[in-house]
Amino acid sequence: MSKRKLIGLLLPDPESVYQQRILDGVTAQCGRYGYDCAVFSPLMRVCHNYREYLSGELNIFELINFERLDGVIVPTISLSENQDCAVRDAMLEKVSAECSKPIAAVDLPFGDYPIVETDDRTAFSVITEHILDVHKCDPDKIYFLTGMEGYDVSERRLGGFADLFKDRGIEIKEDNIFYGDFWYSGGERLADRIISGEVPIPQAVVCASDHMAIGLANRLSENGINVPKEVIVTGYDVTAEAVINSISITTYVPDVSAAAAKAVNIVHNAIEPDVPEMELPDFPGSGLRICSSCGCPENIAYIRSRLTNSLYNINHNYINGKMTGDVDIGVLLESYMMETLTSADSVEDCMAKIAQSEYLVRPYKRLYLCLNENWLDTSRGDEVGAYSDRMRTVVSSFPEDTADRSKNYCGNTSDHSFDTSLMLPELDEECDEPSVFYFSPLHFNSKSLGYSVFQCGVNQGHKINTVFRNWIRYVNNALEMMTIREELKKFSERDAMTGLYNRRKLSEWENRVRENAKPNDNIIVFVIDMDGLKYINDTFGHNEGDYGIKAIAAAVSSVTRNNEICIRAGGDEFYIIGIGDYSGMDAIIRSERLSLSFAEVNKSAEKPYEISASIGYSLNLFSSGISLGDAIKEADKKMYENKTARKKQRVN
């Protein structure tokens with residue numbers, strides 16, 4: 001089986017209704033061609049006012065290695081908002097510089113790349129036809145509120161309104177055309193002009209978005225103008241807000257999915273020109289949705305279905321406590337996942353608890369959490385927004401009902417690391433059916449921690465949603481808490497001046513190594529005490545004394561083996577301790593190496609004083625039952641004997 005083609009999709013805020021339709025179209029058509037799809041999703045709007053958090057979300061775009069993709073789909077609307085095109089322009093610059101693969105845009109231009117547009121014109125002709133024919137409104141008293149002037153989508157939607165007037169030989173009054181911003185505020189501004197008498201009260205206002213329709217209808221009602229008896233209001237996009245508004249908004253489901261599927265066809269024709277183009281899937285459900293704002297009887301079944309999907313607090317009937325089907329936001333909140341994760345007492349425990357919470361984002365094929373190899377390093381400084389050169393898979397989870405659960409993993413070891421340019425090594429795996437890989441950022445504010453990958457079958461129908469976004473937020477907070485906890489632990493166990501462990505770490509280390517010790521192993525202890533620290537401090541100053549302590553620490557650390565612990569035990573005293581296959585000759589050779597290290601320091605530093613230390617060691621059979629404290633005392637005694645002997649040599 002050859003590797004499947006991989007189509008990239010740049011899609012911020014994937015929960016939004018427009019983006020959900022884009023996903024439906026792209027994944028359905030990718031499924032027809034047998035393509036995999038990699039969706040790169042910041043989980044919030046690109047113009048969200050929480051800018052620090054937004055920068056962490058947008059960092060997922062920096063992960064993209066276009067050489068791993070065969071084509072790219074860009075729904076340009078999702079990359080800009082309220083005429084703020086900074087993210088769109090940055091992505092266009094990145095794509096132009098880095099991507100040599102076929103690209104198709106949806107609904108708004110993206111540079112000079114091919115574009116597919118949703119058929120807004122037909123939709124607004126249908127809406128206008130409903131206003132004229134069903135409600136018998138006077139054409140001269142019908143207003144059209146579109147988006148920003150000169151904006152492609154604004155003019156396209158206005159064009160559909162104008163088309164019907166033209167077809168019927170009706171002249172459009174320029175004074176009946178108003179420009180807004182696609183948001184609540186655009187509708188509110190027009191309502192204020194109507195309320196003040198600046199413009200006459202119309203019979204109907206056709207709005208180019210649901211949000212403008214909501215803003216208009218609510219502001220009119222608040223000021224005594226009845227909707228729909230005095231003014232009919234319609235919207236566009238079928239948002240949840242339009243349905244649950246106190247005046248439910250008559251609206252229209254655009255055929256965005258078909259446009260997205262056509263964009264896949266454009267990419268397909270470029271990468272596989274010899275393979276026939278597939279017909280578009282059937283995307284049922286587009287068309288007019290009647291609610292109360294136009295005065296027609298409401299479509300109760302439609303409203304009920306949208307309300308059900310919008311509810312946060314539903315009491316579910318779970319049989320024997322087992323979760324079945326999709327989890328809603330209420331179930332996520334009642335899971336107390338956040339409290340569970342923050343109770344983790346170690347990094348490994350945190351990863352295990354994250355893996356145990358995977359049931360909240362089912363169904364899926366596989367779930368990965370990939371973290372920067374240095375994610376626990378709080379000293380990264382200016383690099384907080386960057387991905388490290390290598391990533392580490394800390395969670396790899398299959399659902400409980402799959403045979404592959406034996407491959408489940410959670411931990412934080414270098415055994416599961418990979419080059420970041422791969423994005424995810426499993427993208428190269430051969431599968432029986434195409435998949436969608438949702439790449440979403442893991443971060444705390446602007447500090448990048450890594451990313452999650454949520455793998456689903458293209459026909460599975462499950463997409464990133466509100467539950468997933470909040471699940472990820474819980475994970476983000478838990479990971480940040482772990483970094484802080486590890487940092488505090490490091491401060492409590494490390495000496496601030498030298499970076500060596502302090503005595504607090506010793507008992508933990510001893511318990512761990514004793515569990516793995518063999519009966520024939522020996523306990524070796526070196527006690528190293530700096531010579532002449534008081535003299536250096538008194539004569540040359542404490543800065544020079546600190547230099548001497550650091551130099552001794554570096555020399556001691558350089559001869560410490562991986563299975564040993566190196567400790568600053570006091571102001572000028574250091575330990576090296578190990579349990580293993582040691583001999584008396586090992587102790588002698590190590591002592592000589594330490595002395596040579598001090599000599600090298602003196603040779604390179606050229607200080608007006610000599611840096612040296614007295615050394616003592618003890619070697620005892622592990623099975624003898626000697627305590628670590630007694631072994632240290634024995635080595636300490638020999639160190640003082642060594643110090644006394646060396647003083648006599650200097651005097652003589």
Side-chain angles (χ1 to χ4, degrees), residues 12-22 44-49 75-85 107-108 118 120 123-124 127-128 131 143-158 160-161 177-195 202 204-223 225 227-228 231-256 286 288-294 298 302-303 306-307 309-310 466:
D13 191 22
E15 298 170 50
S16 296
V17 64
Y18 175 83
Q19 281 88 319
Q20 290 280 300
R21 292 176 187 138
I22 291 286
M44 66 195 308
R45 295 181 292 111
V46 297
C47 294
H48 200 284
N49 57 9
T76 316
I77 287 176
S78 66
L79 295 176
S80 58
E81 192 174 287
N82 297 335
Q83 295 183 298
D84 184 344
C85 300
D107 279 336
L108 281 180
T118 300
D120 291 337
F124 280 93
I127 295 170
T128 308
I131 298 297
Y143 292 171
F144 192 90
L145 175 60
T146 190
M148 295 73 75
E149 187 170 5
Y151 197 56
D152 288 29
V153 175
S154 305
E155 303 303 333
R156 202 159 64 232
R157 294 180 183 182
L158 174 59
F161 176 79
I177 306 302
F178 300 88
Y179 287 92
D181 54 11
F182 292 118
W183 200 236
Y184 300 108
S185 51
E188 290 166 348
R189 285 195 295 270
L190 177 57
D192 290 341
R193 297 178 68 183
I194 294 171
I195 293 161
V205 182
V206 178
C207 298
S209 77
D210 282 346
H211 291 107
M212 288 196 298
I214 293 169
L216 173 68
N218 290 352
R219 184 65 64 89
L220 291 176
S221 297
E222 290 164 3
N223 287 273
I225 298 175
V227 177
V231 180
I232 289 171
V233 176
T234 63
Y236 186 72
D237 275 340
V238 188
T239 62
E241 296 93 329
V243 175
I244 65 176
N245 192 53
S246 57
I247 303 169
S248 60
I249 304 297
T250 293
T251 183
Y252 193 99
V253 182
D255 204 1
V256 173
S286 63
L288 199 61
R289 292 293 182 272
I290 301 300
C291 292
S292 64
S293 69
C294 74
E298 292 180 315
Y302 160 69
I303 293 175
R306 295 308 304 271
L307 283 172
N309 292 334
S310 301
T466 302

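Keep in mind that this is a model prediction, so the values were computed, not measured.
- Here the straight-line distance linking atom OH of Y151 with atom CG of L108 works out to 4.5 Å at 0.5 Å rounding.
- For the residue pair A217 and V227, the shortest heavy atom distance occurs at O-CG2, 4.0 Å.
- S80 places no side-chain N or O within 3.5 Å of a backbone atom of C85 that could act as its donor or acceptor partner.
- Side-chain N or O atoms of S154 include one that pairs as donor or acceptor with a backbone N or O of M148 at under 3.5 Å.
- Without hydrogens or angle criteria, S248 side chain to S292 main chain gives a donor-acceptor distance under 3.5 Å.
- Rounding to the nearest 0.5 angstrom, the gap separating the CZ atom in F178 from the CG atom in L216 is 10.5 Å.
- Side chain of D181 to main chain of W183: a donor-acceptor pair is present (N/O by atom type, distance under 3.5 Å, no hydrogens or angles).
- Under the 3.5 Å distance criterion, the side-chain polar atoms of Q20 are matched with a main-chain donor or acceptor of P14.
- The residues R157 and D120 are annotated as salt-bridged, a charged nitrogen and a carboxylate oxygen being separated by less than 4.0 angstrom.
- Here the straight-line distance linking atom OG of S293 with atom CD1 of I214 works out to 9.5 Å at 0.5 Å rounding.
- Rounded to the nearest 0.5 Å, atoms OH (Y184) and CE (M212) are 12.5 Å apart.
- Side chain of S286 to backbone of D255: no donor-acceptor contact under 3.5 angstrom is found.
- Applying side-chain contact (heavy atoms from CB on, under 4.5 Å) to P202 and the options I232, V231, V233 leaves one that passes, V231.
- Remark: side-chain polar atoms of T234 are not paired, donor with acceptor, to backbone N or O of T250 under 3.5 angstrom.
- Side-chain atoms of D210 come within 3.5 Å of backbone N or O of T239 as a donor-acceptor pair.
- Atoms CZ and CZ, on F144 and F124 in that order, are 4.5 Å from each other to the nearest 0.5 Å.
- Counting only N and O atoms by type, the side chains of D237 and S209 include no donor and acceptor under 3.5 Å apart.
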